[in-house]
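Structure, as structure tokens:
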Amino acid sequence: MTTTTAAATTIPFFPPDLFEDDRDLLLDTVREVATDPAQRFILGERTARFEELLRTDLGAGDVIACGSGTTALTLILRAAGITAGDEVIVPAFGCAPLANTVLGVGATPVFADVDPHTLVIDPDAAEALITPAPRR
């Protein structure tokens, strides 16, 4: 009996040449920002200018730059007043911080199915999970 093994095909997260044309500019910008004595990890003059640019472009009342997506999710939940006893619908397929940040503010994640073709939360599945649970 002969067995054949199909060669594994790896699909890169980004095409290998995606940033090639901008590589030097990207590296120079990272170096310039990282070595600027007025800049901090997520604070400083450059961050303030970035937040102001976003505020203006988006017409937003306020913009807060975060050091991570997890921090951003936590800020969103806090700003929405989500606390212990609340339920938050999250996609059943996604990264751990989607549910973990809900737990971190004391609320309960409720998992909704995702669309098998788009792999994002199915709006009908999410809507079916909405309950009349009281909000504080």
Side-chain angles (χ1 to χ4, degrees):
M1 178 187 317
T2 305
T3 59
T4 58
T5 305
T9 302
T10 302
I11 300 172
F13 190 71
F14 290 114
D17 62 346
L18 179 64
F19 301 109
E20 205 54 46
D21 291 343
D22 298 319
R23 180 184 178 89
D24 290 339
L25 176 62
L26 287 170
L27 290 173
D28 289 346
T29 301
V30 168
R31 184 179 301 108
E32 181 182 328
V33 171
T35 59
D36 184 343
Q39 182 63 31
R40 302 293 179 264
F41 177 61
I42 59 167
L43 301 172
E45 295 172 15
R46 291 172 184 268
T47 303
R49 288 196 318 256
F50 176 64
E51 290 171 337
E52 181 59 36
L53 177 66
L54 284 175
R55 199 172 6 267
T56 301
D57 275 4
L58 299 173
D62 207 0
V63 170
I64 301 171
C66 298
S68 72
T70 301
T71 301
L73 290 170
T74 301
L75 287 175
I76 290 166
L77 293 170
R78 295 279 187 206
I82 303 297
T83 61
D86 291 332
E87 294 180 344
V88 178
I89 300 170
V90 297
F93 181 73
C95 60
L98 294 173
N100 195 37
T101 53
V102 174
L103 292 168
V105 298
T108 302
V110 177
F111 296 96
D113 285 334
V114 297
D115 180 289
H117 299 289
T118 64
L119 297 180
V120 298
I121 197 166
D122 181 323
D124 294 329
E127 185 174 17
L129 294 170
I130 298 172
T131 66
R135 283 283 321 270
R136 297 186 221 323

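Source: prediction; values computed, not measured. Any value given below was found using the heavy atoms of this structure, including those in side chains, with hydrogens, waters and symmetry copies removed.
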Quick check on the hydrophobic clustering: are [X] and [Y] connected, directly or via other members, by side-chain heavy-atom contacts under 4.5 Å?
| X | Y | result |
| --- | --- | --- |
| F50 | V63 | yes |
| I64 | L43 | no |
| L129 | I121 | yes |

### Message
Quick check for you: to the nearest 0.5 Å, what is the distance between D122 atom CG and E127 atom CD?
### Response
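Answer rounded to 0.5 Å: 10.5 Å.
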
### Task
Can you spot which of V88, L73, L75 makes a side chain to side chain contact (heavy atoms under 4.5 Å, CB included) with T101?
L73

### Task
Would you please say whether a donor-acceptor pair under 3.5 Å links the side chains of T47 and E51?
no

### Check: D86 side chain, T83 main-chain N or O, donor-acceptor pair, under 3.5 Å
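A pair under 3.5 Å: yes.
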
#### Entry: Q39 side chain to V33 backbone, donor-acceptor under 3.5 Å
no

### Apart from L119 itself, residues in the same hydrophobic cluster as defined by side-chain heavy atoms under 4.5 Å
F93, V114

### Message
Measuring only between side-chain heavy atoms, which start at C-beta, is P109 closer than 4.5 Å to L103?
### Response
yes

### Query
Would you say V102 and I82 make side-chain contact, with heavy atoms under 4.5 Å?
no

### Message
Is it the case that atom CD in E45 sees more than 12 heavy atoms from other parts of the structure closer than 6.0 Å?
### Response
no

### Query
Taking only residues at least two apart or on different chains, which pairs with a member in residues 16-29 satisfy side-chain hydrogen bond (donor to acceptor under 3.5 Å, both in side chains)?
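Residue pairs passing side-chain hydrogen bond (donor to acceptor under 3.5 Å, both in side chains), neighbours aside: D28-R31.
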
